[in-house]
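In what follows, chains carry the letters A, B, and so on, assigned in the order in which the sequence lines appear, proteins first and then strands, with residues in each chain numbered from 1. Only a predicted model underlies this, so the values are computations on that prediction, with no experimental measurement involved.
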2 protein chains.
Amino acid sequence: MPRPDQSAKRRKRLLPIIAQAFAELGYGRATTAELAQRCKVRENILYRLWPNKKAMFVASIDYVYEQSAATWREILADIDDSADAAGRLLKHEAEHHGESGLHRIILAGLSQTDEPEIRDALRSMYGRFHRFIRAQIVAHRKGEDNGTLPDATASAWAIVGLGNLANISRELGLLTDRGRKRLFSDAGRLLLGGKSS
Amino acid sequence: MPRPDQSAKRRKRLLPIIAQAFAELGYGRATTAELAQRCKVRENILYRLWPNKKAMFVASIDYVYEQSAATWREILADIDDSADAAGRLLKHEAEHHGESGLHRIILAGLSQTDEPEIRDALRSMYGRFHRFIRAQIVAHRKGEDNGTLPDATASAWAIVGLGNLANISRELGLLTDRGRKRLFSDAGRLLLGGKSS
DNA sequence: CCTATTCGTAAGTAGCCACTTACAGTATGA
DNA sequence: TCATACTGTAAGTGGCTACTTACGAATAGG
């Protein structure tokens, strides 16, 4: 048998470059020629790794979640006393949300939702973000009364909405850094509820 | 002097059709050929009314705000006793948010922010939404203590975020109608603060 | 060594799309 | 009536882009 297939490793190596390109350029302007150039390969090599451009984009969407989740897991690991984990995550987002620039992939994807694969990838990504945040909220509120608070599901979606708006804000220059911080810390805290105060 | 120029009237007549097309198809798939066909004219006629496709899109973005604002003004006019105006608007959004489908134009625009004209149009649009909502919040909270609430600016951005998430949710099928209602009524109310309770 | 498969390079192609040009018809105001 | 703009029809066109084909070179196992 001849040479072993290195495709999987190579996909893994090139994906960050491709995701970065989609983030910087959007879907349309990230042409396959440009992607290839950034990867320092020819176009047909990309087509040997993914069936088409859409698939490269879907892989990039998944990559966005993986990156965020990895960061969050690190933070949670650092504070295994689990004291106010949700608050720590909120604080982290208040200060570093959107720094990588990868979030622009999501905005690019939202204009391609007529492609079922892309829509599915986005739905799955939002779902994973929501579940993660919801779990944090539930843990945070454990055994408190939560008088007039929205339930954990609604609160989690609202916080996802905060993150989304922060992304758009970064894109359009709507908020200052301070404004974004206050958005996360004040509105975020309010939605979180529980033992904050 | 020969025939008078009807361009302005015509732009006004065609804009809803064009906006609808952008909303349904997104920026890329709304080709100028398609736009012309829907308007029942030839392409070059569109090019006599707008300098290029980008300008047609920018006009459509403005149209989105105008439509929402018109609806809201109607609601406010119906209840000139000004009793809980903000609450009424929230309730309306909880039930009818995104029904027109026009919001998809915004999602389409967010992937074209490398075009300065489009970015400016979006920024202006978000700014107008924010000012409108902020004014409602300020009026709503007038003369209350608002202990740990975010200030009106942050709250207004958070509510803009709710609307945004509701749009995305409609696009991807993240929330049921009931879920969206709870998002607006529970999280929205919480952020609104003041005499709700 | 042989051979099956991967890897790299180069060129090409079919289709689409924003935008243009050319020209004939038509309504207006002086 | 007549010149001057506006209005409509028709047919391009140049450029770009996703994706393909062809082919030789390298590399592994048997």
Side-chain angles (χ1 to χ4, degrees), chain A residues 1-15 17-19 21-22 24-61 105 108-109 111-118 121, chain B residues 1-15 17-19 21-22 24-61 105 108-109 111-118 121:
Chain A
M1 296 252 145
R3 307 168 67 170
D5 190 346
Q6 308 276 33
S7 299
K9 303 213 163 198
R10 211 171 187 192
R11 261 192 294 271
K12 223 173 191 171
R13 228 192 59 228
L14 295 185
L15 184 54
I17 303 172
I18 290 181
F22 277 124
E24 282 177 29
L25 304 170
Y27 189 81
R29 291 165 77 115
T31 65
T32 52
E34 173 79 20
L35 295 176
Q37 202 177 7
R38 289 186 178 219
C39 291
K40 297 196 171 87
V41 297
R42 307 270 167 186
E43 288 184 59
N44 63 338
I45 296 200
L46 295 184
Y47 280 95
R48 291 210 262 249
L49 299 173
W50 290 279
N52 49 42
K53 183 178 168 181
K54 218 189 312 176
M56 305 176 204
F57 189 68
V58 165
S60 300
I61 292 175
I105 292 177
S111 63
Q112 310 292 332
T113 48
D114 32 3
E115 306 278 357
E117 294 96 330
I118 293 181
Chain B
M1 297 246 148
R3 309 166 67 169
D5 190 346
Q6 309 276 32
S7 299
K9 303 214 163 199
R10 211 172 187 191
R11 262 191 293 271
K12 222 172 192 171
R13 227 192 61 228
L14 295 185
L15 185 54
I17 303 172
I18 289 181
F22 277 124
E24 282 177 29
L25 304 170
Y27 189 80
R29 290 165 78 114
T31 64
T32 52
E34 173 79 20
L35 294 177
Q37 202 178 8
R38 289 186 178 218
C39 291
K40 297 195 172 90
V41 297
R42 307 272 167 186
E43 288 185 60
N44 63 339
I45 297 201
L46 296 183
Y47 280 95
R48 284 182 196 154
L49 299 173
W50 289 280
N52 49 42
K53 183 180 168 181
K54 218 189 309 176
M56 305 176 204
F57 189 68
V58 166
S60 300
I61 291 176
I105 292 177
S111 63
Q112 309 292 329
T113 48
D114 32 3
E115 306 278 357
E117 295 95 329
I118 293 181

Parallel, tilted or perpendicular, judged at 30° and 60°: which one describes the rings of A/Y27 and A/F57? perpendicular
I need the A/L46 CG to A/R10 CZ distance, nearest 0.5 Å. 8.5 Å
Determine whether A/T113 and A/I118 make a side-chain contact, defined as any pair of heavy atoms from C-beta on separated by less than 4.5 Å. no
Integer-rounded Å distance: D/dT17 P and A/M56 CE: 14 Å
Heavy-atom closest pair (A/A30 atom, A/A21 atom, distance to 0.1 Å) is CB-O, 4.2 Å
Each nucleotide in nucleotides 6-14 of chain D should get exactly one letter: B, S or -. Can you fill that in based on protein heavy atoms under 4.0 Å? BBBBB----
Under a 3.5 Å distance rule, please check whether A/N52 uses its side chain to pair with a backbone N or O of A/A55 as donor and acceptor. yes
Under 6.0 Å from the CD atom of A/E115, do we count more than 12 heavy atoms belonging to anything else shown? yes
Pull out every residue in residues 25-32 of chain A that has a heavy atom closer than 4.0 Å to any atom of DNA chain C, ordered by number, or say none. none
Nearest-Å distance, CZ (B/F57) to C1' (C/dA18)? 16 Å
I need the CD-P distance between B/E34 and C/dA18, as an integer number of Å. 11 Å
In whole angstroms, the gap separating P of D/dA22 from OH of A/Y47 amounts to 18 Å
Using the side chain to side chain contact (heavy atoms under 4.5 Å, CB included) rule, pick out the option among A/L35, A/L15, A/L14 that qualifies with A/M56. A/L35
Give a yes or no on this: more than 12 heavy atoms of other residues, nucleotides or ligands lie within 6.0 Å of atom CD of B/Q37. no
Value in whole Å for how far the P atom of C/dC19 lies from CG of B/L49: 14 Å
